Amino acid sequence: MHRHHHTSPHSWPSPSLPALSSTSPPPPLSSTNGSAHAHAHPLLPYLDLAHSSIQLKQIHAQALKFPPHPHLLLLHSRLIHSISLSGDLLYSLRLLLHPFPLLLPTSFSFNSLIRSFSRSPSLKPLSLQLYLQMLLLSLSPDNHTFPFVLKSCAFLSSSSFGSQLHSHIVKLGFSSDIYILNSLGHFYSSCGKLSLARQLFDGMPLRNRVSWNIMIDGCVMCGEYETALELFRDMQSQFSPDAYTMQSALCACAALGALSLGMWAHAFVLRKCDASVQNDVLINNSLIDLYSKCGDIVMARRVFDEMPQRDVTSWNALILGLTMHGQVEDSLLAFVQMISDVEGDKLRPNSITFIGVLSACNHGGLVTEGQKYFRSMVDEFGIKPQLEHYGCMVDILSRAGHIEEALELVKNMNCKPDVVYGEAFLIWRSILDACCKRNAGVEFSEAVAQRALESELVATSGVYVLLSKVYASANRWNEVGLVRRLMSEEGIKKEPGCSSIEIGDGIVHEFVAGDSSHPKSKEIYEKLNEVECKLVMAGYVPDSSQAPLVAEVDGVKCESLRRHSERLAIAFGLISTKPGMTIRVLKNLRICRDCHEIAKLISKLYCREIVVRDRARFHHFRDGSCSCMDYW
DNA sequence: GTAGGGTTAG
């Protein structure tokens, strides 16, 4: 009887439900009162036909007017599922927390919403709360719950929450579900607990392609690139790699800076992967990054030119690559091309684009341009400057001697220079470096260092090293000693320098300062002697000011300088490659001024091109000069 | 009586 008051779904406004009248009409609504209870909810078929959240909400409205039905709970669950998939998370959350009268939400409903929340960056924390809410309602999480809660934990690096999930998983008997194990593995490696992820992986009764991909990517995330490539090889006896696999493999090659290995990976993509992988934007972006990080910017550009489609990241990878290689003009040109509508694919730059652009200005010493781009970033593109952008600007200003202006910028920053350790340190280092170079005066420099130390950076070596440089440059050796004592009292150590070089078929040789562990160590030091004799004959005088603190602790300044890791790697390169071949070296820290001088001279005396990738950028040494124009 | 896992550039 009361059904006469309902609006029939067939009479809904036609734009909302066009499918209903044309294709596969659902069973008629009317049936006898008795038999209705035995069947599915009459509105259920409409769910599969609904194409928009408006239609889904109309079904919800209908359901509210329907008489009680034993399968209302199923309809409710399915509604939440469909509406959350349609993107209206607020609506489905309301539906979950305020269900129809007399109904309690189901695990299924929670799962649906947790999944949708775990896919949105900002709502990930809420998915964890939903999980707790679910437990409070005595609903049991299941094999569809854990993967998504773990995904959120991975993203948020919520290591304690995730570990507790792990024990829930064990308790509830889900510890052999492959989906759950894969998600757990991903979670552990995102939190840097590799060994745990590896343990899990090794103990898996069954692995699929995703398990391998997660493990390989986990190694890459934790910096274990060689292991990643080993796994990549092992995996192939069981699964062919897909775009995800290649993505990680390329990333590992890029990080290792091993050009021939990277070229091999590229060849692998071209030979063994299908067209969808070869044309994949992400894969091509990784290739651009790979070649620029391996020192072959020409090849990076070629990949960029030849890829079928480009996105912001493609442009960013190119701009950052050109900048890293000191090709300032090309980098800025690429930016202009990106924002102009040349090929019909005008793109909006993002904050990373501007890191590339501002670094280019910094690299080229372009103060006015840097300021112009910084302003346009804020005013024209509405991008809020981050510490990294301020870092570039501060560096540009300090290098140009505008120290007061740089300090003013730091003062007016909307983020404190102590949030991110690395960047904050760079900001103060830029200023202190400039203070040293420009003889800003010890008192002034001390005041700057004082401010740096106040900003929670006390436990880092960088500021102390710089402060000692300030004193050393003013010949105030008592203070140098004082700083040194302070450092040793606080147990502060400098990060050890490490350089690597790839010789032949992808074999990477690694050196630390003063290393004598290499099998060819004797030959390396002999070569180093020869090189240095030649250099001295050519009039070279070592500059020891760059090895201020740690070197002096040993009491043998020049000796320690002579054994810098990059120097050992270059010497090894000289004895292990054919005359005229390019020597490519990778260093974890910035190259020191003296090693930089030496590399320039070696490039001339031995007619070798030497490419050094340090922490910040590439140095191409050719015929006695460097692409960075001694500006880094 | 419903459903699913893993990415890029600093």
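Chain letters run A, B, ... following the sequence lines, proteins first and then strands; every chain starts at 1. Quantities reported herein were computed from a predicted structural model and do not represent experimental measurements.
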*Mind checking Asp217(A) for me? I need base, sugar-phosphate or nothing, with any heavy atom below 4.0 Å counting as a touch.*
nothing
*What's the CZ-P distance between Arg115(A) and dT2(B), to the nearest Å?*
14 Å
*Have a look at Pro241(A) and tell me which of Met246(A), Arg209(A), Lys272(A) forms a side-chain contact (heavy atoms from CB on, under 4.5 Å) with it.*
Met246(A)
*Above 12 or not: heavy atoms from other molecules or residues under 6.0 Å from CD of Glu329(A)?*
no
*Is Asp311(A) touching bases, backbone alone, or none of the nucleic acid, heavy atoms closer than 4.0 Å?*
nothing
*Verdict with supporting geometry, Asp296(A) and Met263(A), side-chain contact (heavy atoms from CB on, under 4.5 Å)*: CA-CA 10 Å; Asp296(A) 193 341; Met263(A) 284 167 68; 5.6 Å; no
_Length of the CE-P vector between Met221(A) and dT8(B), whole Å_ = 9 Å
*Looking across every strand, which nucleic acid part, if any, lies under 4.0 Å from Ser183(A) by heavy atom: base, sugar-phosphate, or nothing?*
nothing
*Aromatic rings His620(A) and His325(A): how do their planes relate, parallel, tilted or perpendicular, breaks at 30° and 60°?*
tilted
_Donor on one side chain, acceptor on other, Ser112(A) and Ser109(A), under 3.5 Å_ = no
*Under 4.0 angstrom, heavy atoms only, what part of the nucleic acid is Leu320(A) near: base, sugar-phosphate, or nothing?*
sugar-phosphate
*Nearest-nucleotide pick for Asn143(A), side chain only, options being dG10(B), dA3(B), dG4(B)*: dG4(B)
*asked:* Can you tell me if Phe108(A) is stacked onto the base of dG1(B), using a 5.5 Å centroid cut-off and an angle below 30°?
replied: no
*Determine the minimum heavy-atom distance between Leu366(A) and Ile396(A), stating which atoms define it.*
O-CG2, 4.3 Å
*Of the candidate nucleotides dG4(B), dA9(B), dA3(B), which contains the atom at the shortest distance from the side chain of Tyr179(A)?*
dG4(B)
*Is there a residue in residues 233-242 of chain A whose heavy atoms reach under 4.0 Å of DNA chain B, and which residues are they?*
Asp242(A)
*Rounded to the nearest Å, what distance is computed from the CG atom of residue Asp48(A) to the P atom of nucleotide dG1(B)?*
12 Å
*Which word best sums up how the rings of His41(A) and Phe66(A) line up, parallel for under 30°, tilted for 30 to 60°, or perpendicular for over 60°?*
tilted
*Could you check which residues of residues 75-88 of chain A get a heavy atom under 4.0 Å from DNA chain B? Sort them by number, please.*
Arg78(A), His81(A)
_Are there over 12 heavy-atom neighbours, none belonging to Gln238(A), within less than 6.0 Å of that residue's CD?_
yes
*For Ile178(A), answer base if it contacts any base atom (sugar-phosphate contacts may also be present), sugar-phosphate if it contacts only those atoms, and nothing otherwise; contact means non-hydrogen atoms under 4.0 Å.*
base
*Using a cut-off of strictly less than 4.0 Å between a heavy atom of the residue and any atom of DNA chain B, enumerate the qualifying residues of residues 118-130 of chain A by number.*
Arg119(A)
*Mind checking whether Phe174(A) and Tyr179(A) have side chains closer than 4.5 Å, heavy atoms only?*
no
*Within this structure, what is the CG-to-P distance between Leu47(A) and dA3(B), rounded to whole angstrom?*
12 Å
*Quick one: Leu250(A) CG to dA9(B) P, roughly how many Å, whole number?*
11 Å
*asked:* What is the distance, to the nearest angstrom, from the CD atom on Gln309(A) to the C1' atom on dT8(B)?
replied: 15 Å
_Nearest-angstrom distance from the residue atom CZ of Phe146(A) to C1' of dG4(B)_ = 14 Å
*Checking all strands, does Asp280(A) fall into the base, sugar-phosphate, or nothing category for heavy-atom contacts under 4.0 angstrom?*
nothing
*asked:* Nearest to the Leu74(A) side chain among dG10(B), dG1(B), dA3(B), which nucleotide is it?
replied: dG1(B)
_If you compare every side-chain N and O of Lys293(A) against the phosphate oxygens of dT8(B) (OP1, OP2), does one of them come in below 4.0 Å?_
no
*What's the CE-P distance between Met307(A) and dT8(B), to the nearest Å?*
15 Å
*Test Leu79(A) against every option in Leu47(A), Leu43(A), Leu74(A) by the side-chain contact (heavy atoms from CB on, under 4.5 Å) rule and name the one that passes.*
Leu47(A)
*Taking the six-membered ring of Phe304(A), is the NZ or CZ of Arg310(A) close enough (under 6.0 Å from the centre) and on axis enough (within 45°)?*
yes
*Taking atom types as modelled, find out whether Thr245(A) and Asp242(A) have a side-chain donor-acceptor pair closer than 3.5 angstrom.*
yes
_Short N-O contact, Asp330(A) and Arg301(A), less than 4.0 angstrom_ = no
